[in-house]
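Notes to accompany the following structure.
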Amino acid sequence: EPEVTQTPSHQVTQMGQEVILRCVPISNHLYFYWYRQILGQKVEFLVSFYNNEISEKSEIFDDQFSVERPDGSNFTLKIRSTKLEDSAMYFCASSPGTTSSEQYFGPGTRLTVT
Amino acid sequence: KQEVTQIPAALSVPEGENLVLNCSFTDSAIYNLQWFRQDPGKGLTSLLLIQSSQREQTSGRLNASLDKSSGRSTLYIAASQPGDSATYLCAVRGRNQGGKLIFGQGTELSVKP
């Protein structure tokens with residue numbers, strides 16, 4: 001069964017460093033998402049991506065964040081200068097269509113900023 | 001602004017018991033609602049998707065219902081097993097919130113052998 005994959009599973013970085021989180025969505029899906037979950041808190045939406053551009057972003061997704069689909073399979077989230085409060089589990093999701101479609105989530109990348 | 005609430009926050013039951021998890025949402029203008037399972041430190045596994053036009057969906061021992069007008073969904077788990085122990089999340093996709101999912105805080109379920 002096709003699944004969303006994410007690498008790395010765990011990333012430790014120092015404050016101020018850049019990190020890139022990678023995702024491979026399900027191959028025939030058209031819509032891609034990043035969410036995050038700070039320990040003990042709700043899962044929060046960050047950004048959605050369709051047709052090679054951002055379709056929606058949350059207030060969390062400021063200038064320090066960017067997304068890219070560099071080729072036909074990968075979908076990346078970059079944090080330019082990490083802060084302690086960026087420590088969280090980051091989930092990538094994809095869906096084949098929009099409003100009625102199920103979103104499929106990857107296993108997550110745990111980001112720890114020290 | 002859509003708000004999603006899950007009650008209770010935690011639930012402990014003996015093995016074999018039937019149980020109900022509750023989810024409520026403030027804006028009834030939704031496309032659909034998804035129930036997820038999350039094991040500690042792990043990703044989100046989709047359990048059931050209910051479209052706004054549907055009243056319920058079933059998968060094995062799981063049954064999810066949706067009452068859009070009252071802003072409520074329930075997840076019924078029959079004959080619970082220790083392997084069902086996990087956190088259960090509901091998430092809505094609102095018509096006024098684009099394509100994103102809005103999550104509740106989850107119900108942590110523990111099924112005791």
Side-chain angles (χ1 to χ4, degrees), chain A residues 1-7 9-10 21 23 25-26 29-51 53-61 88-112, chain B residues 1-7 9-10 23-27 29-54 57 59 62 64 66 68 73 86-108:
Chain A
E1 186 176 331
E3 58 183 17
V4 177
T5 59
Q6 291 185 243
T7 54
S9 57
H10 190 192
L21 309 182
C23 169
I26 295 173
H29 285 189
L30 301 176
Y31 293 81
F32 314 112
Y33 309 85
W34 284 101
Y35 294 82
R36 78 172 186 188
Q37 185 179 33
I38 295 171
L39 189 64
Q41 297 187 22
K42 290 185 179 184
V43 176
E44 306 172 284
F45 168 78
L46 292 178
V47 66
S48 58
F49 192 85
Y50 169 70
N51 202 25
E53 62 182 28
I54 291 173
S55 50
E56 188 179 2
K57 59 183 181 179
S58 71
E59 294 174 353
I60 303 167
F61 195 88
M89 183 77 100
Y90 287 81
F91 295 109
C92 173
S94 69
S95 69
T98 182
T99 58
S100 63
S101 298
E102 189 169 356
Q103 289 188 22
Y104 296 84
F105 281 70
T109 292
R110 178 164 298 286
L111 176 65
T112 303
Chain B
K1 180 185 173 187
Q2 179 74 271
E3 300 275 352
V4 180
T5 304
Q6 292 185 247
I7 294 173
C23 173
S24 61
F25 46 95
T26 55
D27 185 351
I30 66 170
Y31 290 117
N32 54 48
L33 183 147
Q34 265 181 274
W35 281 94
F36 294 88
R37 169 183 172 138
Q38 185 176 31
D39 292 287
K42 302 293 185 182
L44 308 177
T45 301
S46 182
L47 298 173
L48 289 164
L49 170 73
I50 312 180
Q51 301 296 346
S52 62
S53 59
Q54 297 175 321
Q57 279 285 347
S59 175
L62 306 179
L66 174 64
K68 196 175 61 169
S73 177
T87 296
Y88 291 80
L89 303 173
C90 74
V92 299
R93 198 165 197 177
R95 293 182 181 276
N96 300 320
Q97 291 89 33
K100 64 181 178 285
L101 291 174
I102 308 293
F103 282 81
Q105 73 273 31
T107 293
E108 186 177 356

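Only a predicted model underlies this, so the values are computations on that prediction, with no experimental measurement involved. Numbered from 1 within each chain, the chains take letters A, B, ... in sequence-line order.
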### Task
Look at the aromatic rings of A/Phe45 and A/Tyr35 and report parallel, tilted or perpendicular, splitting at 30° and 60°.
perpendicular
### Residues that B/Gln105 engages under side chain to side chain contact (heavy atoms under 4.5 Å, CB included), provided they are two or more places apart
A/Lys42, B/Thr5, B/Gln6
### Query
For B/Leu89, is it the side chain, the backbone, both, or neither that has a heavy atom closer than 4.5 Å to a heavy atom of chain A?
side chain
### Task
Using non-hydrogen atoms and a 4.5 Å limit, figure out which bit of A/Glu56 sits close to chain B: side chain, backbone, both or neither.
side chain
### Most contacts with chain B, counted as non-hydrogen pairs under 4.5 angstrom, among A/Arg110, A/Gln37, A/Glu44
A/Gln37
#### Entry: Any donor-acceptor N/O pair, B/Ser46 side chain to A/Tyr104 backbone, under 3.5 Å
no
### Query
B/Gln51: what forms a side chain to side chain contact (heavy atoms under 4.5 Å, CB included) with it, not counting sequence neighbours?
A/Ser100, B/Asn32, B/Leu49, B/Ser53, B/Gln54
### Task
Check each atom of B/Lys100 against the heavy atoms of chain A and say whether the ones under 4.5 Å are side chain, backbone, both or neither.
both
